[in-house]
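Working notes for the structure below.
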Number of protein chains: 2
Amino acid sequence: MRKKKAPLADTLTTARLKVAGLRPTRQRIALARLLFGRGNRHVSAESLYDESVKAGVPVSLATIYNTLHQFTRAGLLQQIVLEPGRNYFDTNTGEHQHFYSEDDGALFDIPGDVISVSGVPEPPRGMAVDRVEVVVRLKRA
Amino acid sequence: MRKKKAPLADTLTTARLKVAGLRPTRQRIALARLLFGRGNRHVSAESLYDESVKAGVPVSLATIYNTLHQFTRAGLLQQIVLEPGRNYFDTNTGEHQHFYSEDDGALFDIPGDVISVSGVPEPPRGMAVDRVEVVVRLKRA
DNA sequence: ATTTGTGCAAATCGTTTGCATCTGA
DNA sequence: TCAGATGCAAACGATTTGCACAAAT
C-alpha cells in the first residue's frame, strides 16, 4: 500500500526539520509552517500558541516552548531579549538589528548591512565574540 | 538638644537622594551607599538583597524592587536587559556598552567612547531614538 | 520495539501588589 | 500630623518540569 500523498509544503518542511536533526512530528511541521511560511516574523511563545490554536493546530503551550528552544538550538530561530520577563524569537537568523518601541512594544528589523559597529574591543582571554547585538530603542517623539 | 552627628558619607548620600526627589530613608540611604559606595556596579534585585542582608541592613525584597525602580526613574541607575526573566541594574548611567558572557553570566562595561555605531536609520514617523544599546555577547573561545 | 515527542498539571522563578504598620519632615 | 515608605504574604505571569501516554522510526 502506498503512502498518503503529503502537500509539497509539508515535504519541504519535513526535509528542513530532518536536516536540523529534528524528528518531523505533526506539531513541529505545523509550527514550522506557521513560522517560516512567509517572510520574517517575531513571535513570543504566547503569540505563537494563540496563532496555532486559531489555525486549528492542537498544540500545548509546553510543546510551543520546547519547539521554540529546539528550533533556536538548531539555528532556525534567533532569540531576542528586549525586556525582562518576555522572550521573543526571530525567524530572521542572519545578521541584522532591531528597532524597538518601548511605548507600544513594536519591533522592526533593521537589515544587516545598514548599521555598522566599529571599535569592538578584544574580548577577555579565552572568550570570543559570539554576536554583537544592537537594539535601537525608540520613544514617542 | 543637638542632633546626633551623621557620618559624612551619609550626609552626601542624603543630599543626593534629596536632589533626586527621594525622601532619604534608612533603607534608601543604606542601599545607595552599597550601590554608589565605590565604582561602577551591576546588580540584580536578588544580588543586592543578599548583599544588604550580609551587610546587616534589614530590607525587604519588595523594598529592594521599589528602590531599584525609583533610582532608575531618578536617573541614578540604568536598566540592562540581557536575558529574559532577570533584570540587571547598572550604576554607570553614562553612555557605554557591555560585554556579556552567555556561559557564566559575567558582565563588563565597555567605555562609551570605544565602540562607534554608524548608519542608524531614521526612526519611523513620530518616533525618536531614545538609546542605542549594544551588547557584545561572548562565548568560550 | 524502541526511542523520542507531547500534553497536562503542578512546580518554579522573578517580580508585583494590597494592605496594615511604621517613619521622616 | 500625615503623606509617603516599608514589610509581609499573597498574587502574578512567563517559563520549566515530571511523568503518563502517544507517535515516529
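All chains are named by letter (A, B, ...) in the order of the sequence lines, taking the proteins before the strands, and each is independently numbered beginning at 1.
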Any donor-acceptor N or O pair under 3.5 Å, side chains S101(B), D104(B): yes

Rounded distance (Å) that lies between atom [atom2] of [N] and atom [atom1] of [X]:
X: Y65(B); N: dG18(C); atom1: OH; atom2: P; result: 17 Å
X: L61(A); N: dA14(D); atom1: CG; atom2: P; result: 10 Å
X: Y49(B); N: dT6(D); atom1: OH; atom2: P; result: 15 Å
X: L48(A); N: dT15(D); atom1: CG; atom2: C1'; result: 15 Å
X: I64(B); N: dG7(D); atom1: CD1; atom2: P; result: 9 Å
X: E46(B); N: dT12(C); atom1: CD; atom2: P; result: 16 Å
X: N66(A); N: dT15(D); atom1: CG; atom2: P; result: 13 Å
X: H69(A); N: dG5(C); atom1: NE2; atom2: C1'; result: 16 Å

Qualifying side-chain hydrogen bond (donor to acceptor under 3.5 Å, both in side chains) pairs, either residue in residues 132-141 of chain A, two or more places apart: E102(A)-R137(A), R131(A)-E133(A), E133(A)-R137(B), R137(A)-E133(B)

Listed once per pair and sorted, the side-chain hydrogen bond (donor to acceptor under 3.5 Å, both in side chains) pairs that draw on residues 72-81 of chain A, sequence neighbours left out: Q79(A)-N87(A)

Members besides V53(A) in its Ile/Leu/Val/Met/Phe/Trp/Tyr cluster (side-chain heavy atoms under 4.5 Å): L17(A), L22(A), I29(A), L31(A), L34(A), L35(A), F36(A), V43(A), L48(A), Y49(A), V57(A), V59(A), L61(A), I64(A), Y65(A), L68(A), F71(A), L76(A), L77(A), F89(A)

Those residues of residues 15-29 of chain B lying under 4.0 Å from DNA chain D by at least one heavy atom: R23(B), T25(B), Q27(B), R28(B)

Proximity to DNA chain D (any heavy atom under 4.0 Å), residues of residues 76-92 of chain B only: none

Sequence-distant partners of E95(A), salt bridge (charged side-chain N to carboxylate O under 4.0 Å, His left out), two or more places apart: none

Pairs touching residues 93-141 of chain B that satisfy ring pair (Phe, Tyr, Trp, His ring centres under 6.0 Å), sequence neighbours left out: H42(B)-H98(B), H96(B)-H98(B)

Ring pair (Phe, Tyr, Trp, His ring centres under 6.0 Å) pairs, two or more places apart, involving residues 120-141 of chain B: none

Duplex segments of DNA chain C, taken as runs of at least three Watson-Crick or G-U pairs that stay under 3.5 Å: C:1-25 with D:1-25

Could you list the donor-acceptor pairs under 3.5 angstrom formed between side-chain atoms of residues 122-129 of chain A and any protein atom two or more places apart in sequence or on another chain?
none

By side chain to side chain contact (heavy atoms under 4.5 Å, CB included) - contacts of S60(A) (at least two apart): A62(A), T63(A)

With sequence neighbours excluded, residues passing side chain to side chain contact (heavy atoms under 4.5 Å, CB included) with D113(B): P111(B)

Spacing of CG belonging to D90(B) relative to CD1 belonging to I80(B), to within rounding of 0.5 Å: 4.0 Å

